[in-house]
Number of protein chains: 2
Amino acid sequence: MFVGMPEPISTWAIPLDTGSATPVYVQVAQGLAHRIESGQLRRGSALPAERDLAATLGVSRVTVRQALALLSQQGLLARRHGSGTFVTPPAQPGDLPSRPLSLLASFSEDVRSRGQTPGAQVLSFERARPTAHETMSLALSPNETVYRLRRLRTADGEPLAIEDSTLPASLVGELDQRAVQDASLYALLQARDLSPVRAIRHLRAVNADMHLAPLLGVSVGAALLATDRVSWLEGGRPIEYARAHYRGDRYDFVMELRGDAR
Amino acid sequence: MFVGMPEPISTWAIPLDTGSATPVYVQVAQGLAHRIESGQLRRGSALPAERDLAATLGVSRVTVRQALALLSQQGLLARRHGSGTFVTPPAQPGDLPSRPLSLLASFSEDVRSRGQTPGAQVLSFERARPTAHETMSLALSPNETVYRLRRLRTADGEPLAIEDSTLPASLVGELDQRAVQDASLYALLQARDLSPVRAIRHLRAVNADMHLAPLLGVSVGAALLATDRVSWLEGGRPIEYARAHYRGDRYDFVMELRGDAR
DNA sequence: AAGTGGTCTAGACCACTTT
DNA sequence: AAGTGGTCTAGACCACTTC
């Protein structure tokens, strides 16, 4: 395809060794990755169309797509249907602004402390019987019921996390969807004198599955920071079990550790 | 392919709506995911060969491969070249054993506290000029040099993390590869009276890139828990900057939070 | 309307694992 | 030797975005 004068096509030439042990699509991916990491391809710049790349490299379009998929999985590229493929070097650890430390803070406080505006959108709300896992985590007795709340959490309007909260109904009293819609859940608990004083939080990294990916606006397989948290009241009774999945590209978790090395 | 009597092929039938808005490969993936999540497919059980699945479903093999790739990205399936495709439901948060809390502990202590045996394999060791990021993190003055150490960290012999450590040469004194080979780095520092008393740690979730994936024995795109940590001595001087990438499927990070809710 | 990425096909050959 | 997943091709049509 001849266009006016965009970029010399020769810029996109990548030496390919078809007889090599490393697959062609990996060679293509490495070639492009090198251009990105060395700064030859600026953030946001567009790649040639798949068909053009295939033609200049002398490989099939499917092979080019395999290479682009590989780089997209790594977060180096973003593909926009009908528009093009663009360079999106992921945020480097080094260029993160130093942020306040996360303590026993709610999502809202956490986001606010980062200088952004928190938001929530209730995806589901129900009163139900607890699962086996919830029963154990919240130290429930048989026949107790729980409130279960799923919210999309946003920062400056952008999806940041999916948060699933479970609270023992017997402890929090009556709760309806309206009460939980706008305000911070912690603020609501605080109003009822149910502020947690201790929490244990697990953090893991997982790949986004088909259910979570569309909710967060990421592609399947994107890295998510998954956290499980159980919070206790002063007296030692569990008040909340919360599981959250944060977008890996939009969130980092900060903690401070003190004490002597042992 | 007719084999003896493995599984009725009809078990693998998935209703496909070729005219639907959702792509066929997604439908296939959802059908398989449902079987896995509902427990119809036990952990470790093998799927039919790609060619067989394609034949029974009436789609091309490429389409089947797209579906399997999707599930593989989510960690539901493991594909073994020459052997087959197997069900590997990822560890659920709920079925993790409760583990001791991570404090200001070294990797070795951390792994040991989980009841496993830590190991290390030095991938590279050098004395060099610091990068701009290292200079800032370690508060170095110009012209200072650093030791840079890259190690594969293992638990019970299995790859668990890649750890990149940077230490100011002026502070730690002479260091050679032998000294750093077997022992814990923290133990070595402790011997020189250089135990950190405070650290700040950032955690994020990232997708494994082409460099890290093979080192950790995971596929490109697998979720990794990335941590950045700066440690300080009693006097407030930075003694170590460490970046680690943990396998998301083998590691979870635990922390305890105290204080009143505010 | 033109250009882009997304999906799908049918077939081929290679590389690895198991028997 | 047989069966498996891995790679690659050439071509087709669809869906979305931009002009």
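First the proteins, then the strands, lettered A, B, ... as listed; each starts at 1. Source: prediction; values computed, not measured.
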Got [X] and [Y] here, is their nearest side-chain heavy-atom distance under 4.5 Å?
X	Y	value
A/Q27	A/T63	no
A/R150	A/L215	yes
B/R51	B/V64	no
B/S108	B/R153	yes
B/L68	B/V28	no

- Query: Just checking, is any N or O donor in the side chain of B/D228 or B/Y241 under 3.5 Å from an acceptor N or O on the other one?
  - Reply: yes

In this structure, how many angstroms lie between the [atom2] atom of [N] and the [atom1] atom of [X], rounded?
X	N	atom1	atom2	value
B/L77	D/dT4	CG	P	16 Å
A/L68	C/dG5	CG	P	8 Å
B/F86	D/dT4	CZ	C1'	9 Å

- Message: Generate the contact string for nucleotides 6-16 of chain D. Rules: B means base contact, S means sugar-phosphate contact only, - means no protein heavy atom under 4.0 Å.
- Response: BBSBB-BB-BB

- Item | Salt bridge A/R114-A/D252, side-chain N to carboxylate O under 4.0 Å | yes

- Pairing annotation in dot-bracket form, given for DNA chain D with Watson-Crick or G-U pairs under 3.5 Å and | for cross-strand partners: ||||||||||||||||||.

- Just how far is it from atom CZ of A/R250 to atom CG of A/L225, taken to the nearest 0.5 Å? 15.0 Å

